[in-house]
Amino acid sequence: GEAVPAAQRGSWTSFLKSIASFSGDLSSLTAPPFILSPVSLTEFPAYWCERPELFAAIADAKTAEDRSLAVLRWFISTLKGQYTSRNESMGSEKKPLNPVLGELFYGYWPDKDGRGRTNLLVEQVSHHPPVTAYVIENKTKGVKLVGHNAQKTSFSSGSIMVRQVGHAILTVAPPGGRKDEYLITLPRLRIDGLWYGSPYVELAENSYVVGGGYISSIEYKGRGYFSGKSHTFKAITTPDSSAFASSSKPIPTGREHITEGTWHEESKFTKTGVEFHNVHGPKEEVTVIGGVSGGEMGEFETRNLWSAVAKGIKEGDYEAASREKSKIENDQRQRRKDEQAAGTTWPFKHFNRLESDPIYEELAKVVKLTPPVEDIYEFQENWPPTFSA
Ligand code: 0T9
């Protein structure tokens, strides 16, 4: 690979061989230093709100149709950050730090132009396999996203295929307004460019936004499909669930909106040519805080926990990074041993795990999702009493 430093070529090749013969949890494999990211996966949920004005704008939509399009617009506008931002900031996709059980990440986006403050809370609810639970809430507007994420990976013709496990529920309940709940499913990823040591994500197949009387079915294509361009999507938003009677591709009824374009750039309404989304403008990174209401960062807060490892990776002192990482891993092993001996388990701080989610089950039926039942991590609603909207 061209992007692989000469001294790491051998270890990159053996890393690729180990992924090829491996299926499941890639996060535990040791990768060569050049591909390591100093950022933990617990920080990723912040990508959902790097355009806080679009999140807030969902509450301002007047009709059910406009609301569902506002949800889709916000969702599509998060994809650039979710799937291309490491390439922009670090030159390629990188292997994130593998969060420990109970790792925490807190932050917010400040109020601006009356859009309200948006809060973020993330908790790592499983280490092996990694599962991240999060809540993002704008109380002023009455918009809340609760979800969890895990990944199932496999290797196929030189690429890593990632199926995202988990979903998110977006609740829209503006003061004095109608309440809607939307199920958001997550796209499949293909990680290409591995051979050259410069991995990047392409999205594949489809995902849904279902709720508020509407269904958006989003289809993703990469280079060589619809238009020969990378990062292409086409979404169909329709009130007619019967349109999905026989397949995941809706049958046109004349009441649908079709939007298409490139998710990392812009898109248009197919019929009118009117702009639908545009992410050329700047994004707003989350303001990281210690604890839910700010203050000193606790032991398990991401930026505190990983600070020495992240410093080593950023400064190219990989020996220090790996030494510090071992300290964290040994401490974790000891904690699990102690818990086992005491017959206890690590208590979650903000979530309750439930075997099923009635909202998921109901909305999953509309587009015949598999699996029909998924577990959820229910937010305990334990924002501090002083929590200010
Ligand atoms: C949820 C997102 C997810 C997390 C990452 C697959 C991946 C871990 C999960 C799905 C976010 O909302 C969106 C974006 C990127 C996804 C990551 C891309 C990636 O490569 C990693 C996996 C675990 C690896 O690190 C593979 C090995 C590496 C050498 C390739 C860069």
Side-chain angles (χ1 to χ4, degrees), residues 1 3-4 8 11-20 22-50 74-99 103 105 120 122 124-136 145-156 158-168 170 184-205 207 220 231 263-264 286 302 313:
V4 186
Q8 295 177 40
S11 69
W12 182 241
T13 312
S14 52
F15 176 71
L16 291 182
K17 280 188 191 148
S18 64
I19 352 184
F22 185 89
S23 199
D25 182 3
L26 283 186
S27 50
S28 53
L29 294 179
T30 308
F34 83 93
I35 206 74
L36 301 179
S37 156
V39 180
S40 164
L41 261 188
T42 53
E43 298 206 19
F44 284 41
Y47 292 130
W48 287 112
C49 206
E50 291 186 330
W74 154 76
F75 172 80
I76 297 290
S77 302
T78 71
L79 300 177
K80 181 185 184 186
Q82 309 257 21
Y83 302 110
T84 70
S85 61
R86 279 83 50 200
N87 295 68
E88 278 172 21
S89 62
M90 301 186 268
S92 81
E93 188 62 64
K94 300 267 170 166
K95 189 172 187 288
L97 295 169
N98 187 19
E103 190 170 322
F105 186 60
L120 166 74
V122 184
Q124 190 70 14
V125 289
S126 171
H127 172 69
H128 189 83
V131 184
T132 311
Y134 56 88
V135 50
I136 296 173
L145 182 75
V146 182
H148 71 278
N149 265 97
Q151 297 88 35
K152 283 256 180 343
T153 53
S154 58
F155 195 75
S156 170
S159 304
I160 300 174
M161 315 297 278
V162 182
R163 184 166 66 84
Q164 296 203 65
V165 180
H167 64 271
L170 179 81
I184 293 165
T185 70
L186 307 163
R188 290 195 185 215
L189 281 61
R190 219 189 121 99
I191 302 166
D192 286 328
L194 287 168
W195 181 250
Y196 303 100
S198 48
Y200 62 92
V201 169
E202 186 55 273
L203 299 180
E205 300 186 30
S207 77
Y220 305 92
H231 303 340
W263 46 259
H264 66 309
V286 68
T302 304
I313 293 172

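Numbering of ligands and ligand atoms starts at 1, following listing order.
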Could you give the N/O to N/O pairs under 3.5 Å linking ligand 1 and the protein, each with its distance?
| residue | atom | partner | partner atom | Å |
| --- | --- | --- | --- | --- |
| ligand 1 | 12 (O) | Gln82 | OE1 | 2.6 |

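Two rings, from Phe34 and Trp12, have their centers less than 6.0 Å apart.
Using cut-offs of 30° and 60° on the angle between ring planes, the pair Phe75 and Trp48 is tilted.
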- Go through Glu205 and Arg188 one step at a time and tell me if the salt bridge (charged side-chain N to carboxylate O under 4.0 Å, His left out) criterion holds. CA-CA 7 Å; Glu205 300 186 30; Arg188 290 195 185 215; 3.6 Å; yes
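Test Phe155, Phe15, Tyr200 against Leu194 for side chain to side chain contact (heavy atoms under 4.5 Å, CB included) and you get one pass: Phe155.
Closest of all the heavy-atom pairs between Gly166 and Leu186 is O-CD1, 3.7 Å.
Scored by the salt bridge (charged side-chain N to carboxylate O under 4.0 Å, His left out) test, Glu103 finds no partners at all (sequence neighbours excluded).
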